[in-house]
Amino acid sequence: MSYVDEVFDLVVAKNPAQPEFHQAVKEVLESLRVVIEANEEKYRKDALLERLVTPERQILFRVPWVDDKGQVQVNNGFRVQFNSAIGPYKGGLRLHPSVNLGIIKFLGFEQTFKNSLTGLPIGGGKGGSDFDPKGKSDREIMAFCQSFITELYKYIGADTDVPAGDIGTGAREIGYMYGQYKRLTGLYEGVLTGKGLSYGGSLARTEATGYGLLYLTEEMLKCNGKDIAGKTVAVSGAGNVAIYAIQKAEQLGAKVVTCSDSTGWIYDPEGIDVALLQEVKEVKRARLTEYAAARPSAQYHEKKNGEHGVWTVKCDVALPCATQNELDLEDAKQLVANGVFAVAEGANMPTTMEATEYFQKNGVLFCPGKASNAGGVATSALEMSQNSERLSWTFEEVDAKLKTIMVNIFHNLDDAAKKYGMEGNYVAGANIAGFLKVADAMTAQGIV
Ligand SMILES: NC(=O)C1=CN([C@@H]2O[C@H](COP(=O)(O)OP(=O)(O)OC[C@H]3O[C@@H](n4cnc5c(N)ncnc54)[C@H](OP(=O)(O)O)[C@@H]3O)[C@@H](O)[C@H]2O)C=CC1
Ligand SMILES: O=C(O)CCC(=O)C(=O)O
């Protein structure tokens, strides 16, 4: 049996009931086959793959907090410190009822390769809780965040592990967590990113994941003789990534006709009004029905099981920006039948493996999230740099660096795919380019 297959079987055996983690590992290992086989003896002897798929540390903890009725609630807290070969652990905190250890491990594993692709010195980590921020008062959110950090502060720090936002964790939550960390440690340091601008946050971090997605998509299209201007784009999600992806796509001359949340989706043939979307989602924290009520051109569709939502709409470019496995084989078939020619992932692993293969077999340009959504974490690393030098850069400076990083990521994965005989396979290119740097650093640092 090949080394890759042996290690994949080991992952399934040692991590039962963690399908998202198995999926993320399988996708990476499959595309590393050619690289591993070229150096199999050394990697096998060093158990490099076994170490790569095993988190350095997993922290599981209780998060008790008191709700507005005086009732004590208890949630599960997680931080998976996956790989620190190239820098301190770095990655977001997800607050969503679906969160479990397998999901945090898949995200931490992906983060290791993504962070490597940015070219910046950051290792991979991820965390979160099964806490549901929806419908909670500000006081309840604060109580949860303070309790979460009261345990987690022991394991994080500006040079050890630097968490940030993800689904359900935005500027408000980061603020409460930062305040509690400072209170417990007495340290005013860059321990979290995505902070508010008045206390060490970076300009353009809020926009970075969505903007970065479009910078990379623009470059991918340009290198394949196409242009984003004038194209019709379908976006899923209506959170941080989706909103700024829509804004930048529209600035680049595309028309974005869809967005969605967990209860329904919008088709707006005149193009999404991003200012209205921001007002509904970021300010009011309301449902998309409010967008539809205020926008005569918009059609609102309730989410129904078995229906394919935004992916039924005819588009040239699809940008899944909501959550994992939200675009399956049926969706991919529909998109291809409707003429889609490019898909770039804003979310982490939003496309199933079968759907990814279908796109690739049908000549659709496909960029995986670990490359196309890396602008968020890259800008977080720029926030860390600014915190270290006690300076703040302008929006234009950060945005220009972000654009350069995204263009470089695309060329690195394009080059890696070509070098290993898989031209145009950006999934393989991203996994190989991300892996090589981490593997080199792990090898240089000995058996740790
Ligand atoms: N924020 C960042 O900087 C980065 C985020 N990402 C990834 O991008 C994706 C979106 O994150 P972000 O925009 O920050 O998160 P937000 O919480 O801001 O928004 C998430 C959006 O996706 C929808 N959504 C979440 N879960 C589900 C679900 N199970 N089914 C349907 N819709 C769902 C939400 O709808 P509702 O509000 O109704 O729940 C919301 O519209 C995630 O995969 C995240 O890991 C990747 C890189 C960086
Ligand atoms: O900015 C960060 O550190 C976190 C980003 C993140 O969680 C992600 O890239 O998925």
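Keep in mind that this is a model prediction, so the values were computed, not measured. We count ligands from 1, going down the list as the structure has it; atoms in each ligand are counted the same way.
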Worksheet item: Going by atom types only, do Thr112 and Asn83 share a side-chain donor-acceptor pair under 3.5 Å?
Response: no
Worksheet item: Where is the nearest protein heavy atom to atom 18 (O) of ligand 1: which residue, which atom, and how far?
Response: Asn240 N, 2.9 Å
Practice prompt. Mark up the atoms of ligand 1 that fall under 4.0 Å of a heavy atom belonging to Lys134, in ascending order.
Written response: 36 (P), 37 (O), 38 (O), 39 (O)
Fill in: Close-contact set for ligand 2 against Lys126 heavy atoms, below 4.0 Å
6 (C), 7 (O), 8 (C), 10 (O)
Worksheet item: Considering only heavy atoms of Lys303, which atoms of ligand 1 have at least one such atom less than 4.0 Å away?
Response: 30 (N), 31 (C)
Discussion item. Starting from atom 21 (C) of ligand 1, what is the nearest protein heavy atom, named by residue and atom, and what distance separates them?
Written reply: Gly239 N, 4.0 Å
Worksheet item: Once you round to the nearest 0.5 Å, how far does CZ of Phe131 lie from SG of Cys145?
Response: 7.0 Å
Discussion item. As an exercise, identify every atom of ligand 2 less than 4.0 angstrom from a heavy atom of Lys114.
Written reply: 8 (C), 9 (O), 10 (O)
Worksheet item: For atom 45 (O) of ligand 1, what is the nearest protein heavy atom, given as residue, atom name and distance?
Response: Asp166 OD1, 2.6 Å
Worksheet item: Counting each atom of ligand 2 from 1 as listed, which ones have a heavy atom of Ser380 under 4.0 Å away?
Response: 1 (O), 2 (C), 3 (O)
Practice prompt. Pull out every atom of ligand 2 sitting under 4.0 Å from any heavy atom of Gly92, numbered as shown with elements.
Written response: 4 (C), 6 (C), 7 (O)
Worksheet item: Which bit of Glu326 is near ligand 1, meaning a heavy atom under 4.0 Å away: side chain, backbone, both or neither?
Response: neither
Worksheet item: If we only count N/O pairs under 3.5 Å, is Thr263 in contact with ligand 1?
Response: no
Discussion item. Would Gln111 count as a polar contact of ligand 2, with the cut-off being nitrogen or oxygen pairs under 3.5 Å?
Written reply: yes
Worksheet item: In the protein, what heavy atom is nearest to atom 38 (O) of ligand 1, and what distance, to one decimal place, separates them?
Response: Ser262 OG, 2.4 Å
Item to complete: Report yes or no: does a heavy atom of Gln324 sit under 4.0 Å from some atom of ligand 1?
Response: no
Worksheet item: Atoms of ligand 2 less than 4.0 Å from Ala164 heavy atoms?
Response: 1 (O), 2 (C), 3 (O), 4 (C)
Practice prompt. Please identify which atoms of ligand 1 are closer than 4.0 Å to at least one heavy atom of Ala238.
Written response: 41 (O)
Discussion item. Between Glu219 and His411, is there a side-chain donor-acceptor contact under 3.5 Å, judged purely by atom types and distance?
Written reply: yes
Worksheet entry | Within reach of ligand 2, part of Asn348 (heavy-atom separation under 4.0 Å) | side chain
Worksheet entry | Contact with ligand 1 for Ser98, non-hydrogen, under 4.0 angstrom | no
Worksheet, complete the sentence: The protein heavy atom nearest to atom 43 (O) of ligand 1 is Asn348 N, 3.1 Å
Worksheet item: Are Lys136 and Trp65 in a cation-pi setup, meaning NZ or CZ lies under 6.0 angstrom from the ring centre and within 45 degrees of the ring axis?
Response: no
Worksheet item: Would you call Pro163 a ligand 2 contact, heavy-atom distance under 4.0 Å?
Response: no
Worksheet item: For Cys321, is the nearest heavy atom under 4.0 Å from an atom of ligand 1?
Response: yes
Worksheet item: Looking at Arg287 and Glu290, does any basic side-chain N land under 4.0 Å from a carboxylate oxygen?
Response: no
Worksheet item: Do any heavy atoms of Arg205 fall under 4.0 Å from ligand 2?
Response: yes
Discussion item. Can you confirm whether Arg183 is buried at CZ, in the sense that more than 12 heavy atoms of other residues, nucleotides or ligands lie under 6.0 Å from that atom?
Written reply: no
Practice prompt. Consider only side-chain N and O atoms of Thr351 and Glu345, and report whether a donor and an acceptor are under 3.5 Å apart.
Written response: yes
Discussion item. For the 3.5 Å polar cut-off, considering only N or O atoms, please tell me whether Gly237 and ligand 1 meet it.
Written reply: no
Worksheet item: Is ligand 1 less than 4.0 angstrom away from at least one heavy atom of Met349?
Response: no
Discussion item. Looking only at protein heavy atoms, which one is nearest to atom 3 (O) of ligand 2, and what is the separation?
Written reply: Lys90 NZ, 2.6 Å
Discussion item. If we set the cut-off at 4.0 Å for heavy atoms, which region of Asn373 has an atom near ligand 1: side chain, backbone, both, or neither?
Written reply: both
Discussion item. Is Arg94 close enough to touch ligand 2? Criterion: a residue heavy atom under 4.0 Å from a ligand atom.
Written reply: no
Worksheet entry | Atoms of ligand 1 close to His96 [distance to a heavy atom under 4.0 angstrom, numbered from 1] | 26 (N)
